[in-house]
2 protein chains.
Amino acid sequence: MDSCDKEVYKLFFGTLANQSRLKILNILRSGQKNVKEICRETEFEQSMVSHNLKMLEYHGMVFVEKKGKFRYYDLNKKTIKPLLELIDAHMREYCCKIARGER
Amino acid sequence: MDSCDKEVYKLFFGTLANQSRLKILNILRSGQKNVKEICRETEFEQSMVSHNLKMLEYHGMVFVEKKGKFRYYDLNKKTIKPLLELIDAHMREYCCKIARGER
DNA sequence: TAATCATATGAAAAAAAAGTCATATATTTA
DNA sequence: TAAATATATGACTTTTTTTTCATATGATTA
């Protein structure tokens, strides 16, 4: 990991370090959705969803597919799903106190 | 992943979404180090290193061991190392444009 | 036990990221 | 082709995070 990599890592993790984007990713776990559907399910405002989807797409965490006037976003199941699972394992073991809000 | 989890995920990723902390983690890959050594190798100011180490420790990414007046910090090789490797794989495949600075 | 060394902490300043709002663009339908 | 619908974008404001600075704490040594 050289200093260039660290910048990339930072951007990558930064993309995941946000509850709105995590909520979007989570919703996409159940299949691809268009922007409107994501707005409805998250109860987020549309432009915010678009901003966040752009960031997720840029980092390869979701893919887009144009269908007429809609844009369907799909989770990258190959890497993002296992990644979330690995982190689940880490957190089960080391972050109980965080989950409980301890300091 | 419920809304409580998302908060924890956010904190977890937030801890990794920072070049200073990534640099510290990277340096710890070659074995445990005390704060002074980390300062020297990173060229970061001491209090900043301490703040960042605290955050890393709180999230189970490093462990501390007191030895006299020194405190040795050690990387969590069980989860953080494989995590970084998984992300390497993701980035090799999807984030080339990021590494190249494209937009 | 005073001086020194190693590290931690809190508050405040600086920097970065997130969210909002107005509006632009693109596609479709009437 | 005008209106409507879906989504994206840019500039700005707000919020959050990071860094810095001064200082506190704790262990060691002279």
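Numbered from 1 within each chain, the chains take letters A, B, ... in sequence-line order.
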Which nucleotide sits closest to the side chain of A:Lys66: C:dT27, C:dA8, C:dA6? C:dT27
Counting side-chain heavy atoms from CB outward, which of D:dT18, C:dA18, C:dT7 is closest to B:Arg21? D:dT18
Which of C:dG19, C:dT7, C:dT9 is nearest the side chain of B:Lys54? It is C:dT9
Does B:Asn18 have a side-chain nitrogen or oxygen under 4.0 Å from the phosphate oxygens OP1 or OP2 of D:dT19? yes
Relative to the 5' end of DNA chain C, which residue comes earlier, A:Ser47 or A:Gly14, by the nucleotide with the nearest heavy atom? A:Gly14
A:Gln46 (side chain) and D:dA8 (base): donor-acceptor pair under 3.5 Å: yes
Minimal heavy-atom distance between B:Tyr72 and B:Asn34, with the atoms involved, is OH-ND2, 3.3 Å
Measure from the side-chain heavy atoms of A:Lys69 and tell me the nearest of D:dT9, C:dT7, D:dA6. D:dA6
Please name the residue in the list A:Gln46, A:Arg40, A:Met48 that meets the side-chain contact (heavy atoms from CB on, under 4.5 Å) test with A:Phe44. A:Met48
Below the 4.0 Å mark, does D:dT7 have OP1 or OP2 next to a side-chain nitrogen or oxygen of A:Lys33? no
Nearest-nucleotide pick for B:Glu45, side chain only, options being C:dG19, D:dC21, C:dT7: D:dC21
Of all the choices, D:dA8, C:dA6, C:dT20, which nucleotide is nearest to the side chain of A:Val35 once you look at every atom? D:dA8
Tell me whether the count of non-hydrogen atoms from other residues, nucleotides or ligands lying under 6.0 Å of NZ in B:Lys81 goes above 12. no
Could you pick out which residue, B:Tyr73 or A:Lys67, lies toward the 5' side of DNA chain C when each is mapped onto its nearest nucleotide? B:Tyr73
Would you say a side-chain N or O of A:Lys36 is under 4.0 Å from OP1 or OP2 of D:dA6? yes
Taking side-chain contact (heavy atoms from CB on, under 4.5 Å) as the criterion, tell me which of A:Met61, A:Glu41, A:Lys33 meets it with A:Leu28. A:Lys33
Could you state the CZ-P distance from B:Phe70 to C:dA8, rounded to the nearest angstrom? 12 Å
At less than 3.5 Å, do the side-chain atoms of A:His51 and the base atoms of D:dT7 form a donor-acceptor pair? no
Check this one for me: any side-chain N or O of B:Arg71 less than 4.0 Å away from OP1 or OP2 of C:dA8? yes
